[in-house]
2 protein chains.
Amino acid sequence: MKWNDLGTDPCPVARALSVIGDRWTMLVVRECFFGIRRFDQMQERLGITRHVLADRLRTLEAAGVLRRDAYQERPTRYEYRLTDRGKALYPVLVSLITWANDAVPPPEQSSVTLVSRSTGTPVEPVLIDAATGDPITTRTVTARFNDIS
Amino acid sequence: MKWNDLGTDPCPVARALSVIGDRWTMLVVRECFFGIRRFDQMQERLGITRHVLADRLRTLEAAGVLRRDAYQERPTRYEYRLTDRGKALYPVLVSLITWANDAVPPPEQSSVTLVSRSTGTPVEPVLIDAATGDPITTRTVTARFNDIS
DNA sequence: ACTTATCAGTTCTATATTAGAACTCACTAC
DNA sequence: GTAGTGAGTTCTAATATAGAACTGATAAGT
């Protein structure tokens with residue numbers, strides 16, 4: 001299978017990864033969540049090559065995850081912001097953070113944790129079903145394949 | 001920056017992606033969640049090349065996400081199962097599915113949704129803080145950098 | 001005994017992607 | 001005029017992936 005075919009796969013995991021599943025894309029999205037909007041700043045912070053960054057920004061814009069806004073004229077300069085579709089990636093980012101803090105501990109004396117903006121206390125993210133409030137686990141939830149053929 | 005350096009990055013997003021952030025890995029993990037355990041079956045279902053699959057399985061085993069078990073002798077054959085650390089990736093998978101079903105609609109008449117095992121009704125996954133029950137959004141939660149220097 | 005099948009890989013070559021550095025273009029500030 | 005800013009592009013070398021064939025241990029069929 002070629003990577004380009006993933007975008008039209010019936011499986012949503014494959015379709016998600018066709019947009020954000022390469023080595024750099026979620027790091028670019030992370031920078032956007034941190035409020036970084038400009039090319040040079042992202043490039044320096046990430047250590048990504050300019051070529052690849054330009055390519056990823058194009059892809060993310062095409063996918064509707066980022067919006068490219070001119071913030072000045074003469075010369076025209078653009079910055080990148082998350083769209084609503086991009087902001088909807090927050091649970092993915094939070095889940096990655098939660099998993100990594102458990103599973104891939106930082107080797108140095110530094111860490112990044114998620115805290116409440118109001119109280120400053122660490123949060124412990126869990127997934128629940130909005131309708132019932134039940135936790136979402138492999139035991140409570142399963143994937144259903146709907147073939148409308 | 002090189003990819004190999006990500007595993008020791010202070011940012012948990014980078015560390016998570018150093019393990020599961022390449023083009024195929026989360027699809028391999030998805031297969032494991034679907035109960036697929038064997039090399040040939042994964043290879044055929046995913047359309048991944050055998051070379052890359054072998055490499056990803058090695059990497060995931062080294063990261064403690066999968067366990068390699070012999071299921072027969074003469075000749076020895078191995079199968080792969082999720083460890084607890086691997087199962088802890090479920091929220092990431094669920095978040096990806098939820099996002100893709102919203103953001104990257106399937107072009108054909110087929111879909112995959114998450115349903116309750118007990119009632120069969122679709123679930124609507126949301127992240128909350130286990131301690132307070134508050135929803136986790138960009139407005140309620142922020143990242144804190146703790147430098148224990 | 002010989003052929004085919006199974007199954008987890010390995011090996012090979014062609015192609016695609018990435019890293020790293022230098023360069024472009026349209027300006028602004030000194 | 002010279003240097004700086006900032007969003008890219010262009011170039012080459014290194015790396016990773018696609019696709020197909022092959023290996024090695026063994027079982028099953030004829």
Side-chain angles (χ1 to χ4, degrees), chain A residues 1-9 14 17-28 31-32 35-63 66-81, chain B residues 1-9 14 17-29 31-32 35-63 66-82:
Chain A
M1 187 191 276
K2 285 191 188 147
W3 190 248
N4 292 357
D5 301 338
L6 279 184
T8 58
D9 198 277
L17 294 176
S18 77
V19 177
I20 59 158
D22 82 286
R23 282 173 145 76
W24 284 108
T25 301
M26 275 307 286
L27 291 171
V28 172
E31 292 303 297
C32 293
I36 307 302
R37 304 196 220 285
R38 306 212 175 151
F39 189 95
D40 272 27
Q41 212 176 347
M42 286 187 194
Q43 194 272 319
E44 195 175 359
R45 288 171 52 97
L46 288 171
I48 190 176
T49 66
R50 306 177 76 79
H51 182 87
V52 172
L53 177 57
D55 181 75
R56 291 306 175 277
L57 290 171
R58 260 193 299 271
T59 304
L60 285 171
E61 193 199 354
L66 298 181
R67 190 175 47 236
R68 186 162 168 268
D69 289 339
Y71 67 90
Q72 72 168 37
E73 302 291 336
R74 285 193 310 282
T76 313
R77 294 258 183 273
Y78 298 98
E79 62 183 12
Y80 297 87
R81 291 161 181 268
Chain B
M1 184 191 279
K2 284 190 188 151
W3 189 247
N4 293 356
D5 302 339
L6 280 184
T8 58
D9 199 278
L17 294 176
S18 77
V19 178
I20 58 157
D22 81 288
R23 280 175 149 73
W24 285 108
T25 302
M26 275 307 284
L27 291 173
V28 173
V29 170
E31 292 301 299
C32 293
I36 307 302
R37 303 197 222 285
R38 307 212 174 150
F39 189 94
D40 271 28
Q41 212 176 349
M42 286 187 194
Q43 195 271 320
E44 194 176 359
R45 287 172 54 97
L46 289 171
I48 190 177
T49 66
R50 307 177 76 79
H51 181 87
V52 172
L53 177 57
D55 182 74
R56 290 308 173 278
L57 290 171
R58 260 192 299 271
T59 304
L60 286 171
E61 194 200 353
L66 298 181
R67 191 176 48 235
R68 185 161 167 270
D69 289 340
Y71 68 89
Q72 71 168 40
E73 301 294 334
R74 283 195 313 278
T76 315
R77 295 257 184 274
Y78 297 97
E79 62 182 10
Y80 297 88
R81 289 160 181 269
L82 290 165

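Order of the sequence lines sets the chain letters (A, B, ...), proteins ahead of strands, with each chain counted from 1. Being a predicted model, the structure only gives us computed values, none of them experimental.
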Exercise. Identify, with sequence neighbours excluded, every residue that meets side chain to side chain donor-acceptor pair (under 3.5 Å) alongside A:Glu73.
Key: A:Thr76

Quiz item: In whole Å, what is the span from the CD atom of A:Glu79 to the P atom of D:dG8?
Solution: 11 Å

Quiz item: OP1, OP2 of D:dG6 versus side-chain N and O of A:Tyr78: anything below 4.0 Å?
Solution: no

Quiz prompt | Closest heavy-atom pair and its distance - B:Met26, A:Leu17 | solution = CB-CD1, 3.7 Å

Practice problem: Can you sort out which residues in residues 37-47 of chain B have a heavy atom within less than 4.0 Å of DNA chain C? Ascending by number, please. | Solution: B:Arg38, B:Phe39, B:Asp40

Quiz item: For A:Leu53 and D:dT9, what is the distance between atoms CG and C1' respectively, to the nearest whole Å?
Solution: 13 Å

Quiz item: For B:Glu61 and C:dA8, what is the distance between atoms CD and P respectively, to the nearest whole Å?
Solution: 14 Å

Quiz item: Nearest heavy-atom pair of A:Leu66 and A:Tyr80: which atoms, and what distance?
Solution: CD1-CB, 4.2 Å

Quiz prompt | Worked check of side-chain contact (heavy atoms from CB on, under 4.5 Å) between A:Tyr71 and A:Arg37 | solution = CA-CA 10 Å; A:Tyr71 67 90; A:Arg37 304 196 220 285; over 6 Å; no

Quiz item: Going through the checks in order, is the side-chain contact (heavy atoms from CB on, under 4.5 Å) test met by B:Val28 and B:Leu60?
Solution: CA-CA 9 Å; B:Val28 173; B:Leu60 286 171; 3.9 Å; yes

N/O contacts under 3.5 Å, protein versus nucleotides 22-30 of chain C?
unit_1	atom_1	unit_2	atom_2	d
C:dC27	O3'	A:Arg74	O	3.2

Quiz item: Any idea which heavy atoms bring B:Phe39 and B:Leu57 closest together, and the distance?
Solution: CD1-CD1, 3.7 Å

Quiz item: For A:Tyr80 and D:dG8, is the shortest distance between a side-chain N/O and OP1 or OP2 below 4.0 Å?
Solution: yes

With the criterion being N/O to N/O and under 3.5 Å, what pairs connect the protein with nucleotides 13-17 of chain D, and how long is each?
unit_1	atom_1	unit_2	atom_2	d
D:dT17	OP1	B:Arg56	NH2	2.6
D:dT17	OP2	B:Arg56	NH2	3.0

Quiz item: Can you check whether B:Gly21's main-chain N or O pairs, donor with acceptor, with B:Thr25's side chain at less than 3.5 Å?
Solution: no

Quiz prompt | Under-4.0 Å side-chain N/O to phosphate OP1/OP2 contact, B:Arg68 with C:dG9 | solution = yes

Quiz item: salt bridge (charged side-chain N to carboxylate O under 4.0 Å, His left out) with B:Arg81: which residues, sequence neighbours excluded?
Solution: B:Asp69, B:Glu79

Practice problem: Report the distance from atom CG of B:Leu6 to atom C1' of C:dT18, rounded to the nearest whole Å. | Solution: 13 Å

Self-check item: Atom pair distance, as rounded to whole Å: CG in B:Asp69 and P in C:dC7
Solution: 18 Å

Practice problem: Grab the OH-P distance between B:Tyr71 and D:dA25 for me, whole Å please. | Solution: 17 Å

Self-check item: Heavy-atom closest contact (B:Ala63 atom, B:Val19 atom, distance)
Solution: CB-CG1, 3.7 Å

Quiz prompt | By side chain to side chain donor-acceptor pair (under 3.5 Å) - contacts of B:Asp40 (at least two apart) | solution = B:Arg50

Quiz item: Just how far, in rounded Å, is C1' of D:dA7 from CG of A:Leu66?
Solution: 15 Å

Exercise. Spell out, as yes or no, whether a donor-acceptor pair under 3.5 Å connects the side chain of A:Gln43 to the backbone of A:Thr49.
Key: no

